[in-house]
Amino acid sequence: MLILHTSDTHLGYAQFDLEEREKDVYDAFSEIVDAAVKDRVDAVVHSGDIFHIPRPAGRPLVKLGEGIKTMREHGIRFYFTLGEHDILRMRGTPSALLFQRLGLATYVGDGNPVIDGDLFIVGFHKRRNIEVEELFDGFKRADEIAKEHPDKKKVVVIHQGLLECHPYGEITANDLPRLFDYYAMGHLHDHVEKRFERLAGPVCYPGSIDPTPSEGIKEFRKGYFLVDLSGREARPEWVGLNSSRQQFRYDVEYARLGQEIARIKKEIEEKSLPKRPVVLVRVKGHEIDNAKVAASISGLRDLCLYPDWEPILEGSPSGQELLTERPTDIQEEMVRLATLALGDERRASFAIRELLPLLERGEKEEALDLVNKAYEKSRFKEVVG
Ligand SMILES: [Mn+2]
């Protein structure tokens, strides 16, 4: 049995609000669907964040539908769970469930195992920090039922960060059910493959299929897992995508701007890429004349889809540099400052890591819901009262 495992497709996302960048995401998704057909996989498993926003527009919905249709025409079943980007916290049905309701795809995010031939598959939709305990009973139950099916190939589909793979994971490998041949993970946008002593199979994050807002502009490789389940042990192979639009970051000296831009031009020309790349030029120097740099950069416009620049300030790193370099450091700095202001690390973490992302996206009802849940669960009781 061969399965294709993808995740974090974020259909509908358009970097810089450019239509070309929205289309790049669909190209990546199509490449994955075509690979599933070409490699004659038995099933495609999606670990969540199918869409970029919980109310996707027509185009991302149609693109998912077309992909599912192609898979179906080749007898490939599509199993999926939901990530935080797919889930409407208040009222309403997540859009991706449409395909489940129509019988065209199988939602496995409710913790109820599905058996299809030799495949035993169960999944869990994304839980926020304050909800993760909800998962643990489900994980236990998944193991109990899995035990009754020793002859099946067992796959568990989860959209959470593991602490062992990312510093802000919500759960650990110790929390996971033990008896699965393959742990189809989603949520982390980098590709990760790990094995743990107590788990029967490998834990795999395929990563996002195209860079998303927090990833910055830099060289990257995106892909998916082909997982051979025919032997005693699952054998995952991560396969890189070819359709991706490349992104490059160059650091140049302001004093040599003209030559540097000419060099960059030549380098990009020599690559003869099928898609014009996204380029970020970071300029180092004193008394940088913005207009002059902008004029130089515009010389890259024919060759690049989106040439942009930013200064590298000497001494203390600029906020801008931190943002592109290490987005999580910004968040940690904010947690640190909020801790000073509130005098309590847990409340600061709640505000910055949980509440702020919702408010940034304008999800006021969800934010209120989160605050209410925290209150109901008396999360900050010993601190507040
Ligand atoms: Mn994601």
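Whatever order the structure lists ligands and atoms in, that order sets their numbers, starting from 1. Just the heavy atoms: all of them, side chains too, but no hydrogens, waters or symmetry mates, feed the values below.
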Exercise for the section: Could you label the plane-to-plane angle of the Phe180 and Tyr183 rings as parallel, tilted or perpendicular, counting under 30° as parallel and over 60° as perpendicular? Expected result: perpendicular

Between Val227 and His5, the two heavy atoms sitting closest are CG2-CB, 4.4 Å

- Message: I'd like to know if the side chain of Glu170 reaches the main chain of Gly161, judged simply by a donor and an acceptor atom lying under 3.5 Å from each other, with no hydrogens or angles considered.
- Response: yes

Residue pairs meeting ring pair (Phe, Tyr, Trp, His ring centres under 6.0 Å), one or both in residues 137-158, sequence neighbours left out, come to Phe120-His149, Phe124-Phe139

Residues at least two apart in sequence or cross-chain that pass side chain to side chain donor-acceptor pair (under 3.5 Å) with Asp228, listed by chain then number, are Ser230, Arg235

So ring pair (Phe, Tyr, Trp, His ring centres under 6.0 Å) across residues 185-205, not counting sequence neighbours, yields His10-His189, His159-His187, His191-Phe225, His191-Trp238

At a cut-off of 2.8 Å, protein N/O/S around the Mn ion (ligand 1) gives Asp8 OD2, His10 NE2, Asp49 OD2, His189 NE2

